[in-house]
Amino acid sequence: MRRLASVRLFGVLAADIAAVSGVGAFLPQNAPSDWYHSAWPHAAGFILAAGLDQVYASWWFAGLLAALALNLAVCIWRRRRAVRWPSLAMHAGILLVLAGACLRVAGGAKGQLPLDQGQACGQLVASAAGGAVPRLPFQVRLSGFRIEYDAPDRHLLQVSRDGVSEEIEVALGRESVLPRFGLVLRPLRALGDFVMSADGQARERSAAASNPALQLELGWEGRSARHWYFDRFPDMQYDAFPFNIVYRHVGRHIKDFVSEVEFLAASGSAVRARVSVNAPARFQGWTFYQSGYEPGREDHSVLLAVRDPGVYLVFCGFAAVLLGMTAWLVRP
Amino acid sequence: MIEAANLAFALGLAGLAGHALDRAGSWRWCGRAGDWALAAAFAALTAALAARWYAAGRPPMANQYESLLILAWCLSVGGWWLSRRWPVRAAGLLGGAVFTAVLAAASFADPTVRPLMPALRSNWLTYHVFTAMAAYAAFALAAAVAVWNLAVARRDSAQRPPDAVVLAALRFGFFMLTVGIMTGAVWAQRAWGSYWSWDPKETWSLITWLVYAVILHLRRTGVLPARKLAWSCIVGLACVLFTYFGVNFLLGGLHSYSGS
């Protein structure tokens with residue numbers, strides 16, 4: 001028992017856990033076995049046989065954590081009368097964290113829920129993390145999805161002709177007149193990530209401002225034309241025009257992704273909720289996180305559904321560790 | 001903003017030079033001037049951070065440059081604490097050296113103010129980054145004192161810092177690192193649905209935490225005398241440096257934005 005509770009054993013276990021964790025951080029985890037054979041042809045056999053491709057899910061890593069938990073538990077028990085409460089709280093807190101993690105492995109579930117607007121679904125699909133992918137005991141319907149931005153886009157144009165230039169800010173649909181150039185401009189359409197589809201239509205490829213473009217209607221000397229101007233390609237000009245126009249896009253930035261959903265219980269009741277980044281929604285023991293979206297589609301959203309029966313135990317462990325550690329810091 | 005940070009760097013260098021001259025030539029006035037320069041550097045850095053906070057409309061903790069400024073700010077507070085707990089001339093020299101080294105590292109990072117990505121728009125960002133930087137600052141000061149202990153105080157025991165100073169810095173750093181890891185875990189649970197994902201930064205934070213836990217336990221049981229404690233602090237700082245810089249540049253992961 002004394003050896004089981006010893007600081008020396010803690011040191012050995014901590015060193016082992018640190019060492020294999022370090023290996024797991026350097027060696028790509030959960031890759032297909034072919035990948036290891038192509039990346040390390042000589043070491044692949046050992047990596048796969050030892051489970052180094054899945055360090056954190058291996059039985060021997062779980063064994064190390066279990067041994068650490070046993071070491072802590074016996075240590076707390078043997079020294080319960082000899083040490084002050086902060087020390088007991090810190091060590092017991094770590095045990096609670098490990099217990100909560102065990103509960104997650106034993107009773108937790110996780111999966112992605114891709115939804116189209118108006119569609120109700122309860123079947124999860126496997127997320128990258130893997131694990132059990134059950135069917136939800138209720139359905140989730142996507143009422144709407146939107147991307148929120150910090151501020152609207154700004155469109156700046158640098159117009160120049162015969163060595164004279166002028167910069168103006170234009171707005172979609174609003175006509176701007178430049179008397180010194182005899183030019184009338186009207187922005188028709190703006191795209192943050194311009195791409196030309198197979199049928200020759202300009203469309204948005206993603207919500208990111210990867211290729212900002214502005215379509216202008218130009219009028220000068222009784223003539224008119226419509227053209228696209230690109231922020232990333234200022235040299236793309238039209239030789240037929242007596243002037244140059246350089247478009248600069250001052251981009252909006254994505255603030256949040258928001259899904260409006262309805263949870264449809266088996267009893268027939270419906271509960272509305274909003275899911276956004278850093279603001280998940282809960283329903284019947286499941287928590288829903290904003291996980292993804294499809295560029296160019298504002299009628300589609302991907303949620304991550306998680307059930308973790310151990311998470312509150314983990315947080316209680318955090319509280320115990322912090323309480324004990326604060327007292328230990330004040331009175332070492 | 002950048003001008004104020006550069007001014008802080010210049011004043012830090014001046015403070016470091018003052019303390020170096022004080023030590024080399026026993027010119028006390030240089031040391032006193034160095035103290036004033038370091039205090040002015042702290043004021044300039046505080047102004048730089050405040051201006052950046054105001055301009056960006058968010059706490060300046062979103063990328064490598066900003067976190068280095070926060071680290072330097074924590075180091076200047078820690079340096080002041082060190083000079084109070086260990087009132088010898090070397091304290092200013094060590095504090096100034098670490099402070100200017102961190103600001104020099106910041107000069108290599110991109111200082112552009114950028115809007116936060118959605119996942120970072122949370123109050124947890126402030127708690128998580130600040131506690132982590134406070135921990136790194138405490139570990140850096142402990143290691144600086146340890147290096148001094150090994151390099152200089154070995155020949156002159158009068159210059160030797162009391163172990164209590166190193167231990168106090170280690171204890172504070174360990175506490176802050178624990179809070180940093182836990183705030184990160186709570187935030188990750190809220191943003192990504194998992195308090196722990198074995199992301200490289202998380203993993204290396206755990207490794208660093210285990211290293212310092214072992215150091216403090218061994219010291220507690222008397223297995224780690226002053227000299228071994230000093231070497232342990234240096235090993236611990238190597239883990240901190242890898243967690244902070246190495247992971248960003250070599251391993252990526254969920255914290256990859258912090259390397260930009």
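Only heavy atoms go into these numbers, but all of them, side chains included; no hydrogens, no water, no symmetry mates. Chain letters run A, B, ... following the sequence lines, proteins first, then strands; residues in each count from 1.
Contact of B/Ile215 with chain A is not made at all, since no heavy-atom distance falls under 4.5 Å. Using a 4.5 Å cut-off between heavy atoms, B/Ala168 makes no contact with chain A at all. Within the 4.5 angstrom heavy-atom criterion, atoms from both the backbone and the side chain of A/Phe26 approach chain B. Heavy atoms closer than 4.5 Å to chain B are found nowhere in A/Ser291, neither backbone nor side chain. Contact of B/Phe242 with chain A is made through the side chain alone, with heavy-atom distances under 4.5 Å. Both the backbone and the side chain of A/Phe318 have a heavy atom closer than 4.5 Å to some heavy atom of chain B. At a 4.5 Å heavy-atom cutoff, A/Leu13 makes no contact with chain B through either its backbone or its side chain. In this structure, chain B has a heavy atom under 4.5 Å from the side chain of A/Val314, while its backbone stays farther away. Both the backbone and the side chain of A/Ser21 come within less than 4.5 Å of a heavy atom of chain B. Residue contact with chain A, scored on non-hydrogen atoms closer than 4.5 Å, is absent for B/Trp124. Heavy atoms of A/Ala101 lying under 4.5 Å from chain B belong to its backbone as well as its side chain.
Remark: A/Arg84 CZ is packed, more than 12 non-hydrogen atoms of other residues, nucleotides or ligands lying under 6.0 Å away. Atom CZ of A/Arg248 sits in a sparse spot, with 12 or fewer heavy atoms from other residues, nucleotides or ligands closer than 6.0 Å. Within a 6.0 Å radius of CH2 in A/Trp60, more than 12 heavy atoms belonging to other residues, nucleotides or ligands are found. Annotation for B/Arg220: atom CZ does not count as buried by contact number, only 12 or fewer foreign heavy atoms lying within 6.0 Å. With a 6.0 Å radius and a threshold of 12 heavy atoms from other residues, nucleotides or ligands, B/Trp204 has its CH2 atom above the threshold.
The two atoms that bring A/Ala14 and B/Leu210 nearest to each other are O-CD1, 3.8 Å, heavy atoms only. Nearest heavy-atom pair across A/Tyr289 and B/Gly193 is CZ-CA, 3.1 Å. Closest non-hydrogen pair, B/Trp192 versus A/Leu304, comes out as O-CD2, 3.4 Å. In plain terms, the two heavy atoms of A/Leu322 and B/Phe175 that are nearest each other are O-CE1, 4.4 Å.
Note that OG1 of B/Thr178 and CG of A/Leu329 are 10.0 Å apart. Values are rounded to the nearest 0.5 Å.
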| For B/Trp198 and A/Phe61, what are the C-alpha separation, side-chain angles and deciding distance, and is it a ring-ring contact (aromatic ring centres under 6.0 Å, His included)? | CA-CA 13 Å; B/Trp198 294 107; A/Phe61 190 70; 5.4 Å; yes
| message | With side chain to side chain contact (heavy atoms under 4.5 Å, CB included) as the criterion, how do B/Tyr195 and A/Asp308 come out once you've worked through the C-alpha distance, each side chain's angles and the decisive distance to 0.1 Å? | response | CA-CA 10 Å; B/Tyr195 50 83; A/Asp308 183 351; 3.4 Å; yes
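With no hydrogens or angles considered, a side-chain donor-acceptor pair links B/Ser194 and A/Arg104 at under 3.5 Å.
Ring planes of B/His217 and A/His91: perpendicular class, angle over 60° (limits at 30 and 60°). In this structure, B/Phe174 and A/Trp328 have perpendicular ring planes: the angle between them is above 60°, well past the 30° mark.
Of the listed residues (A/Asn278, A/Asp150, A/Asp256), just one forms a side-chain hydrogen bond (donor to acceptor under 3.5 Å, both in side chains) with B/Arg121, and that residue is A/Asp150.
Looking only at heavy-atom pairs under 4.5 Å with chain B, the residue among A/Val97, A/Thr287, A/Thr326 that has the most is A/Thr326. When B/Leu206, B/Leu116, B/Val186, B/Leu167 are compared by the number of non-hydrogen pairs under 4.5 Å with chain A, B/Val186 comes out ahead.
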